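As structure tokens, the structure follows; a few thoughts come after it.
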Number of protein chains: 2
Amino acid sequence: MRSKDETKVQLILGTALKMIERVGLAGLKMSDLAKEAGVATGTVYIYFEDKNQLIRELYLYLMHYNTADLNQPISENEPLKIKIKKIARNYLNNNINNPEHGAFLEQYFRSPYFHEDDATHQAEELALQPIYSLLVEGQRQSLIKDADPELLVTLVCGMLNEVAKVSIYTQKPITPAEWELTFSVLWDGIRS
Amino acid sequence: MRSKDETKVQLILGTALKMIERVGLAGLKMSDLAKEAGVATGTVYIYFEDKNQLIRELYLYLMHYNTADLNQPISENEPLKIKIKKIARNYLNNNINNPEHGAFLEQYFRSPYFHEDDATHQAEELALQPIYSLLVEGQRQSLIKDADPELLVTLVCGMLNEVAKVSIYTQKPITPAEWELTFSVLWDGIRS
DNA sequence: TTTGTAAATGAATTTTAATTCACCTAATTT
DNA sequence: AAATTAGGTGAATTAAAATTCATTTACAAA
């Protein structure tokens with residue numbers, strides 16, 4: 001008897017993720033994937049039913065990962081503005097440090113592998129929950145514009161997503177000055 | 001003699017664009033495309049070398065289209081704030097009314113069809129030029145935060161892109177209240 | 001009208017990539 | 001340490017999709 005190597009699942013998924021960032025979902029070949037992961041083609045089929053399921057798993061794996069990540073503990077006893085600044089920075093860093101994630105998800109939602117029942121929305125909402133809560137808290141303290149918090153989250157994330165994209169694209173990290181400006185636009189935009 | 005029907009190029013590209021929004025670049029089959037466009041498979045190959053070139057053409061076609069579009073004349077003799085509000089609304093509407101465009105471009109940039117030399121950046125910069133100019137004008141009038149205008153454009157477009165995405169996704173148009181909030185966040189964010 | 005030519009067709013072919021499988025190997029159990 | 005069993009391999013197979021091409025129109029010029 002020989003037991004399945006759970007490490008290999010991670011290896012294959014991780015390799016797929018990196019490759020997809022490079023060649024796109026449309027360009028991912030099972031044989032290339034196997035080669036790059038350093039296993040035989042057939043091995044991939046031991047751990048995954050077929051390509052479809054592999055992509056599916058990758059999605060679930062990412063969702064799980066992402067959701068966990070924004071929930072880093074926020075130091076209490078700080079002014080709300082600072083809390084928001086920290087969580088925003090956290091969100092931005094997450095996006096910049098894991099460009100493969102955004103690249104994959106962007107494509108997944110538009111691919112033939114994606115089916116509506118994928119709990120997309122729940123997962124996304126869950127991931128944004130912490131930001132949402134902070135904004136609502138701010139509204140209660142009359143610090144934040146009294147308007148649909150959903151829309152506020154959308155606007156805030158829109159800014160951060162785009163900044164992340166540019167940073168990834170230009171391969172330049174965010175400078176302190178850039179971050180200060182970004183947060184200033186964000187904060188002045190939402191404060192009441 | 002029989003002459004090529006230029007209309008057919010448009011038909012095929014347009015059909016491809018709509019299909020890609022639905023099934024993704026990875027899901028586009030030449031035979032399906034032909035069927036949906038109402039022509040024979042072979043006909044597609046009369047107008048396009050191969051799939052690769054078809055996708056490439058589609059990109060050029062879109063770039064051309066998009067660039068032209070933001071350059072709608074802006075009524076002069078209005079306060080800058082109003083001008084920015086109008087151009088922002090224009091940008092938003094463009095995104096919402098042509099969801100296929102965003103869907104395609106998003107995927108194209110990450111596909112095996114895309115090559116760096118595609119003049120991506122020039123085209124994009126060109127499209128954002130009008131917004132950029134207005135912001136700089138605002139800085140000269142000390143109405144807009146005195147900071148890197150590139151980054152300001154990024155932030156502004158980020159907000160608008162995300163709002164467009166949500167509107168497309170939920171299939172709900174932007175309500176007047178939503179638009180007012182969006183612009184208020186945008187404006188308060190960038191004004192000095 | 002007739003004729004020449006290029007567009008249009010879609011079944012047949014070729015190409016590409018997914019998936020299988022007969023054979024090998026390494027871990028576990030007795 | 002032998003036997004057993006499931007993992008691992010990669011060439012061979014199958015499936016899917018791109019592309020071709022012999023044939024059939026439709027148009028334009030003569």
Side-chain angles (χ1 to χ4, degrees), chain A residues 1-61 104 107-108 110-115, chain B residues 1-61 104 107-108 110-115:
Chain A
M1 243 277 249
R2 196 173 167 186
S3 62
K4 273 194 189 172
D5 184 356
E6 267 313 306
T7 254
K8 211 151 277 187
V9 172
Q10 305 292 317
L11 170 68
I12 293 172
L13 290 179
T15 305
L17 199 51
K18 274 183 228 129
M19 289 185 76
I20 289 170
E21 186 189 7
R22 184 146 36 80
V23 301
L25 247 186
L28 183 73
K29 314 285 152 68
M30 293 299 261
S31 51
D32 292 351
L33 168 57
K35 199 181 301 171
E36 193 155 324
V39 299
T41 317
T43 305
V44 176
Y45 286 87
I46 291 170
Y47 292 91
F48 303 93
E49 192 66 25
D50 54 19
K51 187 175 175 181
N52 189 74
Q53 197 228 340
L54 162 45
I55 303 290
R56 208 55 102 76
E57 293 279 320
L58 191 46
Y59 169 73
L60 296 172
Y61 166 76
F104 172 75
Q107 292 183 79
Y108 180 74
R110 301 185 180 286
S111 77
Y113 304 105
F114 169 69
H115 291 294
Chain B
M1 242 278 243
R2 196 171 164 188
S3 61
K4 273 194 190 173
D5 184 356
E6 267 314 306
T7 256
K8 211 150 276 185
V9 172
Q10 304 292 315
L11 169 68
I12 294 173
L13 289 179
T15 305
L17 200 52
K18 275 184 225 127
M19 289 185 77
I20 289 169
E21 185 189 8
R22 184 147 36 80
V23 302
L25 247 186
L28 183 73
K29 313 288 152 64
M30 292 300 259
S31 52
D32 293 351
L33 168 56
K35 199 181 300 169
E36 193 154 324
V39 299
T41 319
T43 304
V44 177
Y45 285 88
I46 289 169
Y47 293 91
F48 303 94
E49 191 66 24
D50 55 18
K51 187 175 176 181
N52 188 74
Q53 197 230 339
L54 163 46
I55 302 289
R56 207 54 102 73
E57 292 280 320
L58 192 46
Y59 169 72
L60 295 174
Y61 166 76
F104 172 75
Q107 290 183 79
Y108 180 74
R110 300 184 180 287
S111 76
Y113 304 104
F114 169 70
H115 292 294

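Below, chains carry the letters A, B, ... as their sequence lines are ordered, and counting in each starts from 1. A quick note: this is a predicted structure, and the numbers were derived from the prediction, not measured.
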task = Verify side-chain contact (heavy atoms from CB on, under 4.5 Å) between Ile55(A) and Phe104(A), making sure each step is shown before the conclusion.
result = CA-CA 10 Å; Ile55(A) 303 290; Phe104(A) 172 75; 4.1 Å; yes

Tell me: [atom1] of [X] to [atom2] of [N], nearest whole Å?
X: Leu33(B); N: dT19(D); atom1: CG; atom2: P; result: 12 Å
X: Met30(A); N: dT14(D); atom1: CE; atom2: P; result: 19 Å
X: Lys29(A); N: dA18(D); atom1: NZ; atom2: P; result: 12 Å
X: Ile12(B); N: dA18(D); atom1: CD1; atom2: P; result: 14 Å
X: Tyr113(A); N: dA18(C); atom1: OH; atom2: P; result: 7 Å
X: Tyr45(A); N: dC21(C); atom1: OH; atom2: C1'; result: 13 Å
X: Leu11(B); N: dA8(C); atom1: CG; atom2: C1'; result: 14 Å
X: Ile55(B); N: dA18(D); atom1: CD1; atom2: C1'; result: 13 Å

request  = Evaluate the criterion side-chain contact (heavy atoms from CB on, under 4.5 Å) for residue pair Val9(B) and Glu57(B); output intermediate values, then yes/no.
outcome  = CA-CA 10 Å; Val9(B) 172; Glu57(B) 292 280 320; 5.8 Å; no

note = Ranking dA11(C), dT19(C), dT9(D) by distance to the side chain of Val39(A), first place goes to dT9(D)

ask   = Any idea which of dA8(C), dG10(D), dG10(C) is nearest the Ile46(B) side chain?
value = dA8(C)

May I ask you to evaluate whether [X] reaches the phosphate of [N], defined as a side-chain N or O under 4.0 Å from OP1 or OP2?
X: Thr43(B); N: dT9(C); answer: yes
X: Tyr47(A); N: dG7(D); answer: no
X: Lys8(A); N: dG8(D); answer: yes

task = May I ask you to say whether Arg22(B) pairs ionically with Glu36(B), meaning some side-chain N is under 4.0 Å from a carboxylate O?
result = yes

task = Any chance you could lay out the side-chain contact (heavy atoms from CB on, under 4.5 Å) test for Thr41(B) and Leu33(B), step after step, and finish with the verdict?
result = CA-CA 8 Å; Thr41(B) 319; Leu33(B) 168 56; over 6 Å; no

request  = Report the relative orientation of the aromatic rings in Tyr59(A) and Tyr108(A); use parallel for angles under 30°, tilted for 30 to 60°, perpendicular for over 60°.
outcome  = parallel

task = Pick base, sugar-phosphate or nothing for Phe48(A), based on heavy-atom distances below 4.0 Å to the nucleic acid.
result = nothing

key: Touch class at under 4.0 angstrom, heavy-atom based, for Leu28(A) against every strand present   = sugar-phosphate

